[in-house]
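Have a look at the structure below, then the notes.
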Amino acid sequence: MNLLIKGGRVIDPSQGIDANLDVLIADGVVLELGQGLAAPEGTPAIDASGLIVTPGLIDMHVHLRDPGLEYKEDIATGSRSAAAGGFTSVACMPNTSPVIDSKAIASYIINKAKSEALVNVFPIGCITKGGKGESLAEMGELKEAGCVAVSDDGKPVCNSELMRRALEYAKGIGIAVISHSEDLALVGEGVMNEGFVSTELGLKGIPWAAEDIAVAREVYLAEFAGAPVHIAHISTVGSARIIRNAKARGVKVTCETAPHYFTLTDEAVRGYETNAKMNPPLRSAADVEAMKAGLADGTIDAIATDHAPHHPDEKDVEFNVALNGIVGLETSLSLSLKLVEEGRLDLNQLVSLMSCTPAKILGLDRGTLKVGAVGDVTIIDPAKEWQVEAAKLESKSKNSPFLGWKMKGRAVYTVVKGQVVYQA
Amino acid sequence: MGFRHKDIIALKDLTKEEITLLLDTADSLSEINQRDIKKVPTLRGKTVINLFYEASTRTRTSFEIAAKRLSADAVNITASTSSVVKGETLSDTANNLLAMKPDIIVMRHAVSGAHEYLAKRVSCSVINAGDGAHEHPSQGLLDMLTMRQKFGKLDGLKVAIIGDITHSRVARSDIYGLTTMGSHVFLAGPPTMMPVGIERLGNVTVCKDMREAVDKADVVMMLRIQLERQGKTLLPSMREYSRYFGLNPEVLGLAKKNAIVMHPGPINRGVELASSVADCDQSAILTQVENGVAVRMAMLYHVCGGEPVE
């Protein structure tokens, strides 16, 4: 609960800090920032010289698969994976079994996380009952139980009238709405991005328009309802353009993208590689560029992983029947630091994208090292080189297209409430 | 030169020399099909499993006859549903079959890439008899053999392929094989059935009008409209399709005088082809079927290492 972090480069965009400072945490909260801080005898200390000290990273979009699908991941393993990736908090999506559409399931997650999780776990409830898109879930009670947002993640709310009411209702009770934006009729039986690669492989394509049209609908509904909406995992040139334009005219829209969408193109599917099968699908080089540009100019507010663990039997099958998604918690920071190395982002932007802004969108009292804030800290070694190996991933599942990749930069300490929960 | 592949999954993977070798072998093996006793001992003691996850009469029968004419033991497995629906994964099915020590698995599967998946996991040879909308290499080879017999060469031929390109594994194998061999392919079909970037596959031109594609063509290849796959959104009606993309005597008149008409079958008479065209002298459709046996004999023969033919 007490910790002195000495001599690191502290980057905290929430208070405009980028300086070499000590951070003193006492009783789990930030007590002081300054140079040459003295701590009471016996306080554990970390020498952070040459390292970057940031507010604890927050992944606002993960799947912990608990309850119901614990053979893929559970709260304990998912939280270990988060800690190893430098995340002090994760928000977990409700498409569990049963789904998180009641106080009971939300409470189950919160209680289990209290006893088993290394990091903070914030559940996201459903927008609609059963995640079926037919009627509103009990959002008030979900919020009261501790849910920080609502989403029917994995599926869009197809009915525009219902989505309008969801936005209005959620605004009233003060809970974020996260949209999985996809026009299902356009997706059809598509299994990868529609383009030259799908033509060559003879796989049914998903057009970019399927995402753009759905994002545009959410933007217009948010504008009409005067309510905020957050768009999950955007992946296209069009989505970024629509959101950029909407923000310019004052619509309360925020969005996230995932590291794979600014790192890989649909070329990764060649060889019918099921670890490159995800939804939305990996897109074209122009889309990858649009994600980088969107992150750099502030159109995209957050980097989230959509961490989606699957059992090997669900991926080691023919491409069409393989499940969508990849694990991402442990590779996210390194892939994002690559954008800093490429000069597309500076470290302050990176910390905003991975900590401050996700906290703001979800209304969490985190994403800052202000005195009095919770002592959640991530300490990053930007020079540390490592290789992604299945056997060394903490996640129960190993479905990653980055296996074997050489990475540069990773979290070397993950600190939750002043306690080191992970050390590289 | 020898044939160095364990499997034949896609014509995209084959060089001009390898395709020529397969066609030359098919040419020489076709003589066996004319004998009274249509059997040679070349693959005696070899076991071929025909694993068909999709309905097929001509391809499966053709592979079976090809195997038997080379004295291999052929076993047919027809799975009416996909492996997953059946409850067994393709990988488990493959392991079970492997335990019976086959030399070659000939597979047809509705999922593109299923053969690549299988070939990576089994030690025996895998021959693709059609995977989803990806490739159908034996059909591509028999098409090329038919053209080569008629024109003596493939280099410089103008081949028009008309119809549903998006869903056609025949079109992809034809495009890869023909452009590798020096032919120029012209495509036409409803815009809803023309996939993104198809012209990047080789020496391919996409035409707006089928007449433009057929004009001065040496070969007019009509694809089957797969009524079961089109759903309701890709075409207004079969009537309209046949009016704009069906081959009738008038459109065929635009092709070269000695042009041939081809079709992978089965034909929807009156839709892709007027009956008079399907049965005309220029039609090479039955020659394609005949060549299918020889081509498949060549494929089985070469993946088994190419022992001398007696």
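Residue numbers begin at 1 in each chain, while the letters A, B, ... track the order of the sequences. We use all heavy atoms of the structure for the numbers below, so side chains are in, but hydrogens, waters and symmetry mates are not.
More than 12 heavy atoms of other residues, nucleotides or ligands lie within 6.0 Å of NZ in Lys120(B), so this atom counts as buried by the packing criterion. For Glu189(A), the CD atom is loosely surrounded, since the number of other residues' heavy atoms within 6.0 Å does not exceed 12. Residue-environment remark: NZ (Lys6(B)) exceeds the threshold of 12 foreign heavy atoms within 6.0 Å.
A 4.5 Å side-chain heavy-atom check between Thr263(A) and Trp405(A) finds at least one atom pair inside the cut-off.
With a 4.5 Å cut-off on non-hydrogen atoms, Arg172(B) touches chain A through its side chain but not through its backbone. Contact of Leu201(A) with chain B is made through the backbone alone, with heavy-atom distances under 4.5 Å.
No other option in Val111(B), Ile165(B), Ile175(B) has as many heavy-atom pairs under 4.5 Å with chain A as Val111(B). Note: Arg200(B) leads Lys12(B), Glu116(B), Arg121(B), Arg200(B) in heavy-atom pairs under 4.5 Å with chain A. Among Gly271(A), Gly202(A), Gly205(A), Gly195(A), the residue making the largest number of heavy-atom pairs under 4.5 Å with chain B is Gly202(A). Counting heavy-atom pairs closer than 4.5 Å to chain B, the top residue among Asp316(A), Leu203(A), Asp313(A) is Asp316(A). Taking chain A as the reference chain and counting heavy-atom pairs below 4.5 Å, the highest number among Ala114(B), Ala10(B), Gly197(B), Gly113(B) is found for Gly113(B).
Results of the side chain to side chain donor-acceptor pair (under 3.5 Å) test with Tyr71(A) over Arg65(A), His310(A), Glu314(A), His311(A) single out Glu314(A) as the only residue that passes. Applying side chain to side chain donor-acceptor pair (under 3.5 Å) to Asn95(A) and the options His180(A), Lys155(A), His63(A) leaves one that passes, His63(A).
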